[in-house]
Undergrad: 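Shown below is the structure under consideration.
Just so we're clear, the structure is a prediction, and the values are computed from it rather than from any experiment.
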Amino acid sequence: DQVFLYKYDLAKPAKIDSVKVVNGEFRFSTNANMVEVYFLKFNKMPNQVFLFPEKKELTVSVLFESKNDRRYLKTAEVIGSPTQSAYAIHSKYVKSADDEYRKTNSEYNQAKKNGKENEVTRISALMDENDKIFEQQVAKTLEINRNNTFGLYMIAGSISSYDYDKLKTILAKVPINLHQSNLYKSLNTRMDKLEKVKIGAIAPDFSMPDTSGNTISLSQFRGNVVVIDCWASWCSPCRKESPNMVKLNNAFKDKNFVLLGVSFDKKKDNWIKAIKDDNLSWIHVSDLKNWDCLLNSLYLVNSIPETFIIDKEGKIAAR
């Protein structure tokens with residue numbers, strides 16, 4: 001019943017306009033900035049349709065479907081600019097790669113469940129090879145589109161995998177005409193923040209309550225090697241990693257070593273239960289703010305599990 005137009009940004013997208021849908025049609029007329037990325041949102045639906053305007057009219061066709069009394073965007077097609085076409089081709093490739101990953105991952109889990117070690121090894125190697133091919137294709141597409149707004153969008157989409165040096169190298173290739181883009185400015189701001197938590201930098205100090213409510217600070221462990229383990233009770237990959245963290249702690253706990261678990265949980269009961277269930281017998285802290293966790297903004301943790309190694313001098317040795 002209503003469509004909203006937003007300007008895309010890493011921090012907080014800006015709402016530009018909204019319009020009613022009449023007889024299955026809608027139309028925006030606005031002065032779009034050619035160095036910005038936009039997207040459409042539909043009322044009460046999570047889906048987004050990204051737009052890359054280039055001084056031409058964009059024609060958007062969307063099809064919805066209903067599931068369990070809720071409506072979802074099933075397909076979306078946008079026609080009207082070369083950059084838009086490049087985005088569409090890449091999106092189709094990503095969907096195909098995702099489908100292939102889900103298929104092989106299901107086969108891997110089934111083989112592991114059935115104890116077929118040779119099959120597990122074969123599928124694991126296939127998944128690694130597919131990952132390599134995917135990364136190469138993404139890098140190729142980014143290189144081709146580094147002079148347009150789709151290139152900026154691709155950088156933003158892979159932002160969690162870039163450290164300071166890699167992001168700096170990539171942004172150095174962005175042409176000057178795109179430097180006025182809100183998205184470029186956001187990426188540049190992120191690069192400045194990443195510089196403060198790059199390898200060799202002094203780890204920013206932070207304080208959080210432990211499971212008993214006592215305040216624990218990173219700085220109180222200076223003189224020890226500290227491993228900061230970012231995790232959460234609701235994070236399946238984190239829980240799968242728990243046995244490895246137990247082994248790590250058992251191997252080094254008496255050697256000037258501290259394992260500090262920082263949880264991205266929201267519910268204290270779930271957090272404490274996971275610590276007990278997984279036998280995580282080390283120091284744990286959390287501000288119980290989920291993705292608003294202090295580590296998210298301070299260390300730019302965008303996905304978990306993520307681990308930081310802090311040396312005895314308080315410098316970040318590895319991430």
Side-chain angles (χ1 to χ4, degrees), residues 8-14 142 146 151-174 176 178-210 215-232 235 237-238 241 245 248 256-266 282-319:
Y8 181 50
D9 198 339
L10 272 185
K12 187 178 180 181
L142 176 57
R146 66 184 179 87
L152 280 181
Y153 169 85
M154 287 191 70
I155 296 170
S158 300
I159 197 69
S160 62
S161 64
Y162 295 150
D163 60 14
Y164 170 75
D165 291 327
K166 189 169 183 180
L167 184 57
K168 185 177 181 180
T169 299
I170 288 174
L171 289 184
K173 295 180 180 180
V174 174
I176 292 176
L178 293 178
H179 286 196
Q180 296 306 309
S181 165
N182 279 0
L183 190 50
Y184 175 83
K185 291 175 182 177
S186 292
L187 291 166
N188 220 42
T189 298
R190 182 180 176 85
M191 183 176 68
D192 291 341
K193 289 183 177 180
L194 276 173
E195 187 174 17
K196 297 176 182 176
V197 288
K198 68 179 182 178
I199 306 303
I202 293 292
D205 194 18
F206 62 88
S207 299
M208 286 187 192
D210 65 10
T215 299
I216 303 293
S217 299
L218 173 64
S219 55
Q220 74 187 65
F221 304 115
R222 185 66 62 84
N224 297 280
V225 171
V226 182
V227 170
I228 303 172
D229 178 36
C230 302
W231 72 293
C235 168
C238 301
E241 192 67 22
M245 302 309 291
L248 180 73
N256 292 325
F257 170 85
V258 174
L259 182 51
L260 178 62
V262 179
S263 170
F264 280 56
D265 272 283
K266 197 169 186 178
W282 49 84
I283 301 168
H284 292 274
V285 297
S286 179
D287 53 16
L288 297 175
K289 292 182 179 180
N290 201 254
W291 284 113
D292 290 325
C293 176
L294 177 62
L295 265 286
N296 194 330
S297 58
L298 201 58
Y299 282 74
L300 299 176
V301 176
N302 295 107
S303 61
I304 53 176
E306 181 156 14
T307 307
F308 296 85
I309 302 178
I310 315 300
D311 69 17
K312 293 180 180 180
E313 286 71 46
K315 294 179 182 179
I316 299 173
R319 177 170 186 165

Undergrad: Could you tell me which residues satisfy salt bridge (charged side-chain N to carboxylate O under 4.0 Å, His left out) with R319, sequence neighbours excluded, listed by chain and number?
TA: E306
Undergrad: With sequence neighbours excluded, tell me which residues meet side chain to side chain contact (heavy atoms under 4.5 Å, CB included) with T189.
TA: K193
Undergrad: Could you tell me which residues satisfy ring pair (Phe, Tyr, Trp, His ring centres under 6.0 Å) with Y184, sequence neighbours excluded, listed by chain and number?
TA: H179
Undergrad: For L295 and M208, what are the C-alpha separation, side-chain angles and deciding distance, and is it a side-chain contact (heavy atoms from CB on, under 4.5 Å)?
TA: CA-CA 10 Å; L295 265 286; M208 286 187 192; 3.5 Å; yes
Undergrad: Walk me through it: do L194 and M191 pass the test side-chain contact (heavy atoms from CB on, under 4.5 Å)?
TA: CA-CA 5 Å; L194 276 173; M191 183 176 68; 5.5 Å; no
Undergrad: Residues two or more places apart in sequence or in another chain: which of them pass side chain to side chain donor-acceptor pair (under 3.5 Å) with D205?
TA: S219
Undergrad: How long is the span from the CG atom in D287 to the NZ atom in K266, to the nearest 0.5 Å?
TA: 11.5 Å
Undergrad: Of all residues at least two apart in sequence or in a different chain, which pass the side chain to side chain donor-acceptor pair (under 3.5 Å) check with N302?
TA: R190
Undergrad: Can you name the side chain to side chain contact (heavy atoms under 4.5 Å, CB included) partners of Q180, sequence neighbours left out?
TA: K185
Undergrad: Please list, chain by chain and in numerical order, all residues satisfying side chain to side chain donor-acceptor pair (under 3.5 Å) with S161, sequence neighbours excluded.
TA: none
Undergrad: Nearest 0.5 Å, please: how far is CG in L10 from CG in N188?
TA: 11.0 Å
Undergrad: With sequence neighbours left out, write down each residue that passes side chain to side chain contact (heavy atoms under 4.5 Å, CB included) with S297, or none if nothing qualifies.
TA: L294
Undergrad: Would you check, one step at a time, whether the test side-chain contact (heavy atoms from CB on, under 4.5 Å) holds for V174 with I155?
TA: CA-CA 10 Å; V174 174; I155 296 170; 4.2 Å; yes
Undergrad: Only one of V226, I310, I228 forms a side chain to side chain contact (heavy atoms under 4.5 Å, CB included) with F221, so which one is it?
TA: V226
Undergrad: Just jot down the side chain to side chain donor-acceptor pair (under 3.5 Å) partners of D165, sequence neighbours excluded, or say none.
TA: none
Undergrad: To the closest 0.5 Å, what do you measure between NZ (K198) and CG (L300)?
TA: 14.0 Å
Undergrad: Indicate yes or no: at least one non-hydrogen side-chain atom of P237 is less than 4.5 angstrom from one of P305.
TA: yes
Undergrad: Give the minimum heavy-atom separation between K312 and N256, together with the two atoms involved.
TA: NZ-ND2, 4.1 Å
Undergrad: Taking side chain as C-beta onward, heavy atoms only, is F206 less than 4.5 Å from S217?
TA: no
Undergrad: What residues, two or more places apart in sequence or in another chain, satisfy side chain to side chain contact (heavy atoms under 4.5 Å, CB included) together with T307?
TA: V227, D229
Undergrad: To the nearest 0.5 Å, what is the distance between CG on D265 and CH2 on W231?
TA: 6.0 Å
Undergrad: Which pair of non-hydrogen atoms, one from W282 and one from G261, has the smallest distance, and what is that distance?
TA: CD1-N, 3.9 Å
Undergrad: Pairs in or reaching into residues 300-319: which pass ring pair (Phe, Tyr, Trp, His ring centres under 6.0 Å), with residues at least two apart or in two chains?
TA: Y299-F308
Undergrad: Among residues at least two apart in sequence or on other chains, which ones pass disulfide (SG to SG under 2.5 Å) with C235?
TA: C238
Undergrad: Might you point out which heavy atoms bring G314 and R222 nearest each other, and give the distance in Å?
TA: CA-NE, 3.5 Å
Undergrad: Can you tell me how far apart CG (D311) and CD1 (I202) are? Round to the nearest 0.5 Å.
TA: 7.5 Å
Undergrad: What distance do I216 atom CD1 and L218 atom CG have between them, rounded to the nearest 0.5 Å?
TA: 11.0 Å
Undergrad: So do V301 and C293 actually touch side chain to side chain, heavy atoms under 4.5 Å?
TA: no
Undergrad: Identify the two heavy atoms, one from A318 and one from I199, that lie closest to each other, and give their separation to 0.1 Å.
TA: CA-CD1, 3.6 Å
Undergrad: Taking side chain as C-beta onward, heavy atoms only, is Y162 less than 4.5 Å from T169?
TA: no
